[in-house]
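Notes follow the structure.
Both ligands and their constituent atoms are indexed starting at 1 by order of listing. Numbers here simply count residues along the sequence, with the first being 1.
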Amino acid sequence: MCGIVGYTGGRQAAPIVLDGLTKLEYRGYDSAGVAISGDGGDIDIVKAKGKLKVLCDLTDGGKKLNGLCGIGHTRWATHGEPSQNNAHPHCNDDKTIVAVHNGIIENYTQLKAKLIRRGYTFYSETDTEVATKLVDYYYRKYNEPLKAISEFALHVRGSYALAVLFKDFPGEIFAIRKDSPMVIGYTDGGAFLASDVPAILKYTRNIYYTDNHEIVLLSKEGVAFYNLDREEISKSATVISWDAEAAEKGGWEHFMLKEIHEQPDVVANTVNYFLHGDNLDLSELHLSDDYLKEIDRIVITGCGSAYHVGVVAQYVFEDLARLPVTVEIASEFRYRNPVLTGRELVIVISQSGETADSLAALREMKARGVKTLAVVNVLGSSIAREADSVLYTKAGPEISVATTKAYSSQLIAMYLVALKLAKLRGTISEEYFSTLKKELTLLPEKIKTVLENKSVIQKFASEMVDKEDVFFIGRGIDYATCIESSLKLKEISYIHSEAYAAGELKHGTISLIENGTLVFGILTQKALVEKTVSNLVETASRGAYIAVLADENVDGIPVKFDKVFRIPHTDGHFSASLAVISMQLFSYYLSVLRGNDVDKPRNLAKSVTVE
Ligand code: G6P
């Protein structure tokens with residue numbers, strides 16, 4: 001979703017801003033623009049529809065734009081079609097105030113009407129032009145940029161990370177955020193602002209995470225933070241320990257392929273961080289054993305793949321810890337009026353920690369007095385900061401829009417919590433507890449084995465490249481893997497696909513099976529294999545092409561099935577961690593073969609900060 005970058009300091013700003021924007025491309029966008037304040041404070045704006053390359057070509061990589069202070073933006077259209085006119089930055093009539101914005105101003109129609117009554121006119125359909133002109137309105141009234149920004153914040157509803165240049169204050173960037181991410185960096189070379197750390201990591205590791213309603217003033221002398229009363233507040237920087245390389249492609253053809261191959265390491269990192277030898281240590285969560293023994297239900301919520309992790313976890317928690325679990329899509333859950341006893345633990349899963357609906361669900365639960373645990377990848381993100389406790393997954397920066405390594409490390413995090421609860425509640429034997437811990441430590445090697453066999457999946461993808469409908473079926477945890485496999489396929493290959501609980505297919509959906517339709521069965525749950533095989537046979541007799549992905553120990557797969565892929569054996573509770581790898585590869589290769597933009601699939605955004 002939209003990305004913003006800002007720089008002020010001793011160097012030409014435009015190349016730095018453009019470079020930062022390229023690091024945010026993964027967020028998804030359809031147009032881009034920059035505004036550079038030149039000598040004397042005049043502000044130049046250049047915008048273009050389409051990829052950043054168009055903007056870079058127009059400005060010769062930024063060299064054509066002179067000035068040491070600038071802001072830039074990649075826009076993912078919300079209000080108004082993707083076009084040069086709607087692209088950011090937006091400005092007031094005499095271009096003395098110029099702004100970029102990430103988020104949504106919910107009351108923009110009322111604000112626009114008010115501004116029109118006061119004589120303002122509008123050239124675009126965007127809420128950001130309204131935001132910019134609102135700042136202009138208050139600047140004219142109070143003649144003071146901090147006051148204009150704080151008045152802006154008091155009058156808008158919605159989410160924003162807003163960065164503003166004032167012609168009267170050359171070399172300075174004023175910024176504020178609410179519910180949209182914004183990080184600030186500072187070095188001797190200048191001050192930086194961005195939607196996400198990778199955009200500025202090349203220049204500084206000292207990052208300030210801004211809180212809601214904090215105003216930031218960036219200048220080449222430093223950064224200063226203010227509250228809405230314009231009182232200066234002190235903040236300390238976090239030093240980022242991972243390096244820029246972690247967010248670079250490093251020779252891989254796509255980020256997605258690189259991130260798929262990082263999975264043995266990120267799984268090992270997450271396991272080893274919490275499991276030391278035989279000791280499972282979740283003390284970092286600050287959830288006391290007494291509290292954990294008391295909870296009577298778990299509610300898991302998230303969006304997209306994070307929700308799918310919740311579906312896997314439901315089976316694992318219920319089976320191991322014998323606790324009732326419900327899994328909720330965050331965008332639904334937040335508007336429901338769920339029945340809560342106050343003894344639940346609500347787990348919010350999110351890679352970015354910024355997904356608007358997941359954040360809103362978290363806040364709703366907190367307001368109802370329920371304890372919340374965030375399973376989050378991005379350090380210092382909103383969900384991580386607002387939850388009662390946090391379990392950070394150790395996936396490192398994930399750039400490709402379609403999640404792979406973050407999904408895998410979220411699975412591990414959930415297994416660890418399930419094991420902890422099972423142990424505390426005495427629902428598994430000491431011996432089985434040890435077996436499961438051991439099995440977790442073996443997963444990275446087993447994932448490597450799956451990856452080593454990728455050429456078989458690649459070849460299969462080349463045979464399936466013309467398919468237009470694919471069905472994934474499975475039972476239990478295999479069904480949970482199916483929904484993630486199907487999402488992956490849709491996201492990046494644009495092939496229509498459905499995931500079905502195998503037993504449910506015959507209640508309608510089987511009518512879609514035609515000669516040659518690909519039905520992919522997942523078979524890792526020993527007790528359920530026979531049943532799923534029967535369902536596959538049902539589709540085979542209606543002409544389906546049957547492929548199965550099966551645990552190496554599973555028997556009873558009919559010879560007439562068209563393709564059988566094997567994955568290493570693991571305990572059934574953890575099998576999603578292996579099966580999903582093959583399915584990620586399948587989607588990846590199909591996407592490449594179909595000539596799609598693998599890392600930045602159409603219409604999708606990595607971090608969905610709108611509702
Ligand atoms: C977007 C991404 C998905 C992701 C979902 C939730 O739709 O494209 O890959 O699963 O958001 O994101 P989160 O950051 O909350 O895990």
Side-chain angles (χ1 to χ4, degrees), residues 1-3 24-29 76 78 102 159 179-181 195-198 255-256 259-260 266 300-313 327-334 346-363 372-387 390-393 395-411 413-414 480 483-494 499 580 583-584 587-588 591 596-611:
M1 216 127 274
C2 308
L24 298 181
E25 280 190 288
Y26 72 91
R27 296 169 67 84
Y29 70 104
W76 190 83
T78 54
N102 169 18
S159 58
D179 296 343
S180 284
S195 299
D196 197 1
V197 175
F255 277 111
M256 183 175 178
E259 288 160 2
I260 287 174
V266 307
I300 305 172
T301 190
C303 300
S305 298
Y307 165 78
H308 293 164
V309 170
V311 180
V312 176
V327 196
E328 310 274 356
I329 293 172
S331 56
E332 287 293 314
F333 187 49
R334 60 175 295 196
V346 173
I347 306 181
V348 182
I349 308 176
S350 174
Q351 188 284 128
S352 63
E354 301 292 348
T355 302
D357 284 314
S358 306
L359 180 59
L362 170 85
R363 288 180 177 161
T372 53
L373 165 65
V375 173
V376 167
N377 194 41
V378 176
L379 199 81
S381 54
S382 301
I383 292 175
R385 280 178 302 150
E386 293 188 27
V390 190
L391 194 166
Y392 279 115
T393 49
E398 188 177 66
I399 305 299
S400 185
V401 166
T403 181
T404 52
K405 62 174 181 169
Y407 172 90
S408 283
S409 59
Q410 287 162 351
L411 281 180
M414 297 304 273
I483 55 179
E484 174 60 8
S485 308
S486 171
L487 177 68
K488 240 14 10 125
L489 192 73
K490 283 179 276 212
E491 281 180 310
I492 59 169
S493 74
Y494 314 150
V580 79
M583 293 306 192
Q584 293 166 349
S587 301
Y588 170 79
S591 177
N596 297 346
D597 193 346
V598 176
D599 288 329
K600 297 187 280 295
R602 68 186 182 205
N603 306 340
L604 297 184
K606 178 82 183 153
S607 174
V608 181
T609 48
V610 297
E611 293 163 15

Which of the ligand 1 atoms, numbered from 1, are nearer than 4.0 Å to a heavy atom of S305: 10 (O)
For ligand 1, which atoms, with element, lie under 4.0 Å from some heavy atom of V401? 8 (O), 9 (O)
Can you list the atoms of ligand 1 that are under 4.0 Å from a heavy atom of S350? 13 (P), 14 (O), 15 (O), 16 (O)
Give the residue, atom name and distance (to 0.1 Å) of the protein heavy atom nearest atom 5 (C) of ligand 1. C303 O, 3.8 Å
Protein heavy atom at shortest distance from atom 8 (O) of ligand 1: A605 O, 3.0 Å
Which of these, I483, T404, L487, sits in a side-chain contact (heavy atoms from CB on, under 4.5 Å) with S305? L487
For S352, atoms of ligand 1 separated by under 4.0 Å from a heavy atom: 13 (P), 14 (O), 15 (O)
With respect to atom 12 (O) of ligand 1, which of T355, V375, L359, V376 exhibits the smallest heavy-atom separation? T355
Closest protein heavy atom (residue, atom, distance) for atom 7 (O) of ligand 1: V608 CG2, 3.8 Å
What do the steps show when you test K488 against T403 for side-chain contact (heavy atoms from CB on, under 4.5 Å), and what is the final call? CA-CA 8 Å; K488 240 14 10 125; T403 181; 3.7 Å; yes
Between V312 and Y407, does a side-chain contact (heavy atoms from CB on, under 4.5 Å) hold up when you go through it step by step? CA-CA 11 Å; V312 176; Y407 172 90; 3.9 Å; yes
The side-chain contact (heavy atoms from CB on, under 4.5 Å) partner of S358 among I329, V376, I383 is I383
Side chains of S587 and E491: is there a donor and an acceptor less than 3.5 Å apart? no
Are side-chain N/O atoms of S409 and K405 paired as donor and acceptor at under 3.5 Å? no
If you measure from each heavy atom of A402 to ligand 1, is any distance below 4.0 Å? no
Looking only at non-hydrogen atoms, find the nearest pair between S180 and N102 and report the distance. OG-O, 3.2 Å
among protein heavy atoms, the one nearest atom 11 (O) of ligand 1 is K606 O, 3.9 Å
Are any of the N/O atoms on Q410, whether in the backbone or the side chain, positioned under 3.5 angstrom from an N/O atom of ligand 1? no
What do the steps show when you test M414 against I349 for side-chain contact (heavy atoms from CB on, under 4.5 Å), and what is the final call? CA-CA 9 Å; M414 297 304 273; I349 308 176; 3.8 Å; yes
Show the atoms of ligand 1 that are less than 4.0 angstrom away from any heavy atom in Q351. 13 (P), 14 (O), 15 (O), 16 (O)
Show, in sequence, the C-alpha distance, side-chain angles and deciding distance for E259 and I399, and conclude whether the side-chain contact (heavy atoms from CB on, under 4.5 Å) test is met. CA-CA 8 Å; E259 288 160 2; I399 305 299; 3.5 Å; yes
Give the residue, atom name and distance (to 0.1 Å) of the protein heavy atom nearest atom 3 (C) of ligand 1. E491 OE2, 4.2 Å
